[in-house]
Amino acid sequence: MQILSEQEIQRRQKRQQLIEMGIEPYPAEAFPVNVSAKDILKNYTRNKTEYKDISIAGRLMSIRISGAASFAELQDESGRIQLYIARDEICPTEDKTLYNVVFKKLIDIGDFVGVKGYVFTTQTGEITIHVTSLKLLAKSLKPLPIVKQQKDTQGNIKTYDAVTDAEFKYRQRYADLVVTPDAKQVFIKRTKIINAMRNFFNSHGYLEVETPILQPIPGGASARPFVTHHNALDIPLYLRIANELYLKRLIVGGFDGVYEFAKDFRNEGMDRNHNPEFTVLEIYVAYKDYFWMMDFTERLLEHVALEVLGDTKFVVGEHTIEIKRPFPRISIYEAIRLHTGIDISLMNEEELRETCQKLGVKVEATMGKGKLIDAIFGEKCEHYYIQPTFIIDYPVEMSPLCKRHRRNPQLTERFELFINGKEIANAYSELNDPIDQRERFEEQMRLMERGDDEAMYIDYDFLRALEYGMPPTAGMGIGIDRLTMLLTNQPSIQDVLFFPQMRPEKTIQAASHAEYLALGIREELIPLLQKIGFLTIESLREASPNKILNDLGIVRKKLKLENLRLPTKEEIESWLKK
RNA sequence: GAUUCCGUAGCUCAGCAGGUAGAGCAUUACACUUUUAAUGUAAGGGUCCUGGGUUCGAAUCCCAGCGGGAUCACCA
């Protein structure tokens, strides 16, 4: 049994009352809609004749009753518009039930209604729908948070009582979306970002593809995977941590440009930058190198910013960022030298470890050369790159899937794009020498044996694919969640995911009346027991009979039920024995 | 995983040198035919996150747990 608040009980009673009056609170038939709130607000003043016979549906978000005429606000997907409801308009005959009872008493904030009527402007100058008929489309049983907004004389919107409880917003996004227009805008932009990218890729003739999410070997990145099990095959399967190796197989197969917006899964810590599942765009283009990909990435981001924001400049936190081609390019060694004064380019693992210690960068025994360099860069350099900057030419140890640098075999042809101090994109000239690739995998195996639980597994099928020959290829990945955070100025990944992962809620299921009765509890005592907190049989069993008796006495007095016969201690003990 | 802050009505929040639980909106009732977050009058609504402890007495102090946020660690 659900535990209901006073308002929830009232709404259930209203629902029942509607049914008894012959009004279906959840009608099956479609309601024809021929206009949106936004359309009316935008175009009515210029084109009044078009809005003489309109039909619109949405949620009631405020109701102001004043006698025989009332105002309400209807919210549809596009926004809110005011309704004017006059009793004698919606009830032209003697029977005023629809207005006096259904509208005034039985309809609540949050209910879906459909209205027909015509648009006019009130004396206070607000574009309003004069309602001539009103129909309940769906009853809402749970009260929404009440968020109010006021426009000041400059047209700025002031919000009162906005939902601030992060837990409420993330767990009950459906309710947050109803009452927080800004939240909705973030998600609309997210989709626009993806659409803009997709259009950009398609206009280049690249093919959108789908590759396995359930993988026998979790490859293409360094991360701890989620493991599941396939019953029929009786094998473990992993939720993908990346799709890189599959997309490259497709390049082997003769597609010259493939991309995928992929959900990846990593079984690691969660914070405002990390959710266990997240979205990554990866794209691979044959016969290109990382220089081409840098240029391509610049153009892509410029395109996305213009499509989504209409501008290449935007504000993130305290910074204004500008997507301005070309972005500066700086090698990782140079970046480290610049920000620490130390040249690490010729150091071995031991020297790097000492350098880390000197710089106060935390290290672990399992870290190899690649991770050590990454640690220094992450701690000492990353946050300086606010404006878009390519960090290039990473050491080979950090990049097991990346082609060696054409002039220096200790380096790779790799870039990462940093914006606002965070990595936004990662790209390579892809390693296509199967012998080198095999050796790099083997190096990863050695790291794994040292205890690096994020080192890559060897994917022999991928090696086999490379052995058939893969053309020179440039590949690039962008974290869509991070990019969305950037372009919508949201500080937390949870704000750009509809349903961020949360610890499961503990729901208390209250015992049913039958369960109380089964213990021999008199029916009249059940509400009292619930009132004093014994909502489950289990909680009752754990309590002492004396406490139950005491509390019942208190609540009886409080509810002024002096005529109610309290149970004896023996009676209570008899319940607890059953 | 560590540190730290928070958890009071449907929502936003007060309340803490321990002494009967508060406000605004929302809800209910009555009045009102053009209102602009907030008409007037009245009423109802709470396991003060949970469990222990200290105390004559705990929303308030102490301990533990649960949930969430922030910082850090790992990573994208």
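Side chains included, hydrogens not; waters and symmetry mates left out as well; all remaining heavy atoms used. Numbered from 1 within each chain, the chains take letters A, B, ... in sequence-line order.
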Side-chain donor-acceptor contacts of residues 82-91 of chain A below 3.5 Å, not counting sequence neighbours, with atom names and distances?
| residue | atom | partner | partner atom | Å |
| --- | --- | --- | --- | --- |
| A:Gln82 | OE1 | A:Arg64 | NH2 | 2.8 |
| A:Gln82 | NE2 | A:Thr128 | OG1 | 3.0 |
| A:Asp88 | OD1 | A:Lys96 | NZ | 3.1 |
| A:Glu89 | OE2 | A:His130 | NE2 | 3.3 |

May I ask you to say whether [X] pairs ionically with [Y], meaning some side-chain N is under 4.0 Å from a carboxylate O?
X	Y	value
A:Arg59	A:Asp76	no
A:Lys142	A:Glu8	yes
A:Asp161	A:Lys148	no
A:Asp495	A:Arg272	no
A:Glu397	A:Arg414	no

Taking [M] as the reference, what is the distance to [N] when you measure between their [atom1] atoms (whole Å, please)?
N	M	atom1	answer
B:G1	B:A38	C1'	48 Å
B:G44	B:U50	P	24 Å
B:A37	B:A29	C1'	24 Å
B:U12	B:G7	C1'	14 Å
B:G67	B:C49	C1'	8 Å
B:G53	B:C16	P	27 Å
B:C25	B:A21	P	23 Å
B:G18	B:G69	P	32 Å

State which of [options] makes the closest approach to the side chain of [X].
X	options	answer
A:Lys14	B:U27, B:G68, B:U34	B:U27
A:Ala166	B:A73, B:G69, B:G44	B:G69
A:Thr122	B:G44, B:G10, B:U35	B:U35
A:Arg64	B:A73, B:A38, B:U34	B:A38

Using only atom types and a distance under 3.5 Å, with no angle test, would you say the side chain of A:Arg240 pairs donor to acceptor with the backbone of A:Thr211?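 Yes.
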Are [X] and [Y] linked by a side-chain donor-acceptor pair shorter than 3.5 Å?
X	Y	answer
A:Glu382	A:Tyr384	no
A:Asn243	A:Glu260	yes
A:Gln215	A:Tyr246	no
A:Thr93	A:Asp95	no
A:Arg190	A:Thr488	no

Under-3.5 Å N/O pairs linking protein and nucleotides 1-8 of chain B:
none

Looking at the angle O4'-C1'-N9-C4 for a purine or O4'-C1'-N1-C2 for a pyrimidine, is B:A17 syn or anti, with syn meaning within 90° of 0?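 Here the answer is syn: the torsion falls within 90° of 0.
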Looking at residues at least two apart in the chain, or sitting in another chain, which of them share a salt bridge (charged side-chain N to carboxylate O under 4.0 Å, His left out) with A:Lys263?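 A:Lys263 satisfies salt bridge (charged side-chain N to carboxylate O under 4.0 Å, His left out) with A:Glu277 only.
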With sequence neighbours excluded, what pairs up with A:Lys169 under the salt bridge (charged side-chain N to carboxylate O under 4.0 Å, His left out) test?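 Checked A:Lys169 against salt bridge (charged side-chain N to carboxylate O under 4.0 Å, His left out); matches are A:Asp176.
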Tell me what [X] touches on the nucleic acid: a base, only sugar-phosphate, or nothing, going by heavy atoms under 4.0 Å.
X	answer
A:Ala162	sugar-phosphate
A:Gln10	sugar-phosphate
A:Gln494	sugar-phosphate
A:Asp271	base
A:Phe120	base
A:Asp481	nothing
A:Glu423	sugar-phosphate

Length of the line joining [X]:[atom1] and [N]:[atom2], which is rounded to integer Å:
X	N	atom1	atom2	answer
A:Asp111	B:U27	CG	C1'	14 Å
A:Ile9	B:G44	CD1	P	17 Å
A:Lys142	B:A9	NZ	P	13 Å
A:Glu6	B:C11	CD	P	14 Å
A:Lys371	B:A73	NZ	C1'	12 Å
A:Arg80	B:U35	CZ	C1'	16 Å
A:Glu73	B:U35	CD	C1'	11 Å
A:Glu268	B:C72	CD	C1'	16 Å

Using a cut-off of under 3.5 Å, enumerate the N/O to N/O pairs linking the protein to nucleotides 30-33 of chain B.
| residue | atom | partner | partner atom | Å |
| --- | --- | --- | --- | --- |
| B:C30 | OP2 | A:Lys105 | NZ | 2.6 |
| B:C32 | N3 | A:Gly67 | N | 3.4 |
| B:U33 | OP2 | A:Ala68 | N | 3.3 |
| B:U33 | O2 | A:Tyr84 | OH | 2.8 |

Paired with B:A64 by Watson-Crick or G-U wobble geometry, both distances under 3.5 Å: which nucleotide is it?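 Check on B:A64: paired to B:U50, both distances under 3.5 Å.
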Under 3.5 Å for both donor-acceptor distances, Watson-Crick or wobble: does B:G1 have a partner, and if so which one?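 B:C72 is the nucleotide pairing with B:G1.
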For a quick check, tell me whether the side chain of [X] and the base of [N] share a donor-acceptor pair closer than 3.5 Å.
X	N	result
A:Thr164	B:U12	no
A:Asp165	B:C11	no
A:Gln82	B:U35	yes
A:Glu167	B:G67	no

B:G69 phosphate, OP1 or OP2, under 4.0 Å from A:Arg272 side-chain N/O: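 False: A:Arg272 side-chain N/O out of range (4.0 Å or more) of B:G69 OP1/OP2.
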For a ring pair (Phe, Tyr, Trp, His ring centres under 6.0 Å) check, start with the C-alpha distance between A:Tyr284 and A:Tyr428, then their side-chain angles and the critical distance, and finish with the verdict. CA-CA 10 Å; A:Tyr284 294 82; A:Tyr428 316 141; 8.5 Å; no
For A:Val163 and for A:Thr121, locate the closest nucleotide of RNA chain B by heavy-atom distance; then report the residue assigned to the nucleotide nearer the 5' terminus.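 That would be A:Val163.
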Assuming nearest nucleotide by heavy-atom distance, tell me which of A:Ser492 and A:Asn426 is located more 5' along RNA chain B.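 This one resolves to A:Ser492.
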Can you check nucleotides 24-26 of chain B for protein contacts, nitrogen or oxygen pairs under 3.5 Å, and list what you find?
| residue | atom | partner | partner atom | Å |
| --- | --- | --- | --- | --- |
| B:G24 | N2 | A:Asp161 | OD2 | 3.4 |
| B:C25 | O3' | A:Lys148 | NZ | 3.1 |
| B:A26 | OP1 | A:Lys148 | NZ | 3.3 |
| B:A26 | N3 | A:Gln7 | NE2 | 3.2 |

